[in-house]
Amino acid sequence: IQNSIKVLEDFPEAKLLITIRHPLSNLRSGLTNWFKFDKSRISMWHVFSYLYRIRQDLKYLLKIKKKILFLKLEEANQMKLKKKLCNFLSIKYHSNIMRATVLGKPWIGDKISKKKSKKGKYIKPADEKEFKEFFSLKDIQLLSFIYKDYKKFNYNLQIIKNLTFLQNTFYIFTFEKFVFNYKKKKINFYRNIKYLFFRIVFFISISLKIDFLFKNKHIS
């Protein structure tokens, strides 16, 4: 968000090209892949930051009045979407757009991603089955509530009533329990408690519709 604001100050006519994915798939990936790649990320700081960011990024984008094209990662390899992208960028369609490259060489993926692409080919992201196996039903219901803006893009979310959400703001998510039970992180117990408190307060503010009091930026 901070970088977007700075760039748009210098280039106010710039367009925004945004890739999105199902918020629960996004969160599952951001937790499991980072936890495996960097054990220091097994913390409530990372949990809260990632959980917060997925919601707040979209909140920011839906409010600004700029030319924006949202591309769903789950549909990114569809021909009609590729052509829509070309029209947005005012370029002619070319078959090269079906292959991901960096400086002319195939891009196989980043260090964190488990799946590597062959020759820059599209890798279909994980589907609902994977996040349903990772999250509990209650996890899914509460997370669906805070990510309900993603319904705008026809993502399947189990939206519960506001009162039910408020009554469950002190619920500890399964992935939060994992963090607190991680033996090597006992030394950071109080820091984890601090960010758990932040997460609970954030959830309460969402329910009471006063979440605007939280600065709309990534946590540092």
Side-chain angles (χ1 to χ4, degrees), residues 1 18-35 41-64 68 70 72-74 125-182 185 188-220:
I1 291 175
I18 311 296
T19 53
I20 61 171
R21 68 185 298 189
H22 194 296
L24 299 188
S25 290
N26 192 352
L27 181 61
R28 183 203 64 82
S29 176
L31 296 179
T32 58
N33 290 339
W34 270 110
F35 285 175
R41 294 271 182 165
I42 304 178
S43 68
M44 281 303 299
W45 163 78
H46 180 76
V47 168
F48 177 58
S49 299
Y50 221 96
L51 184 150
Y52 175 92
R53 176 179 178 175
I54 293 170
R55 181 178 190 272
Q56 297 305 102
D57 278 358
L58 186 61
K59 283 286 184 184
Y60 164 73
L61 291 165
L62 292 178
K63 287 182 179 179
I64 62 174
I68 302 179
F70 289 95
K72 294 172 69 172
L73 186 60
E74 297 86 350
D127 57 20
E128 290 188 20
K129 181 181 178 181
E130 289 201 39
F131 75 69
K132 285 182 177 178
E133 291 176 350
F134 179 78
F135 298 115
S136 71
L137 176 59
K138 199 165 186 178
D139 289 346
I140 291 173
Q141 291 174 335
L142 295 176
L143 292 169
S144 291
F145 186 89
I146 71 164
Y147 295 138
K148 56 187 175 182
D149 284 338
Y150 283 84
K151 288 283 286 185
K152 176 182 176 70
F153 303 98
N154 298 317
Y155 284 117
N156 183 27
L157 294 165
Q158 299 181 28
I159 310 298
I160 56 178
K161 293 182 179 179
N162 184 45
L163 181 59
T164 303
F165 175 77
L166 182 60
Q167 291 171 337
N168 286 278
T169 51
F170 289 91
Y171 167 77
I172 307 300
F173 290 102
T174 54
F175 48 90
E176 292 176 328
K177 291 177 183 178
F178 171 78
V179 169
F180 279 100
N181 289 329
Y182 182 60
K185 301 300 292 185
N188 291 323
F189 177 77
Y190 293 107
R191 187 167 187 251
N192 284 335
I193 289 291
K194 170 185 171 183
Y195 280 97
L196 173 61
F197 173 76
F198 285 169
R199 196 273 293 162
I200 291 172
V201 172
F202 182 54
F203 274 34
I204 293 173
S205 72
I206 292 171
S207 180
L208 298 178
K209 299 181 179 180
I210 56 172
D211 50 304
F212 61 86
L213 296 175
F214 276 72
K215 291 184 178 180
N216 196 17
K217 65 178 183 180
H218 299 158
I219 306 303
S220 60

Give the minimum heavy-atom separation between L24 and F131, together with the two atoms involved.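 So the two residues come closest at CD1-CE1, 3.6 Å.
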
Report yes or no: does [X] contribute a side-chain atom to a donor-acceptor pair with the main-chain N or O of [Y] at less than 3.5 Å?
X	Y	value
S29	S25	no
R41	L31	no
H22	Y150	no
S49	H46	no

Taking the six-membered ring for Trp, are F173 and Y171 closer than 6.0 Å centroid to centroid?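 Judged by ring-centre distance (under 6.0 Å), F173 and Y171 do meet the cut-off.
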
Can the ring centroids of F135 and F175 be said to lie less than 6.0 angstrom from one another? yes

The side-chain hydrogen bond (donor to acceptor under 3.5 Å, both in side chains) partners of E74 (sequence neighbours excluded) come to Y155

Under 3.5 Å, which donor-acceptor pairs link side chains of residues 156-164 to any protein atom two or more places apart or in another chain?
| from | atom 1 | to | atom 2 | distance (Å) |
| --- | --- | --- | --- | --- |
| N156 | ND2 | E128 | OE1 | 3.3 |
| N162 | OD1 | S207 | OG | 2.9 |
| N162 | ND2 | S207 | O | 3.2 |

So which of K63, K59, R55 actually passes salt bridge (charged side-chain N to carboxylate O under 4.0 Å, His left out) with D149?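 Checked K63, K59, R55 against D149; only one passes salt bridge (charged side-chain N to carboxylate O under 4.0 Å, His left out): K59.
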
Do the rings of F153 and F70 sit parallel, tilted or perpendicular, given the 30° and 60° boundaries? tilted

Please work out whether the ring planes of F48 and F198 are parallel, tilted or perpendicular, with thresholds of 30° and 60°.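 F48 and F198: tilted rings.
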
N188 vs W45 side-chain heavy atoms within contact, under 4.5 Å: no

Qualifying residues under salt bridge (Lys or Arg N to Asp or Glu O under 4.0 Å), relative to R21, sequence neighbours excluded: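 Testing R21 for salt bridge (Lys or Arg N to Asp or Glu O under 4.0 Å), a comparison that skips the adjacent residues, returns none.
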
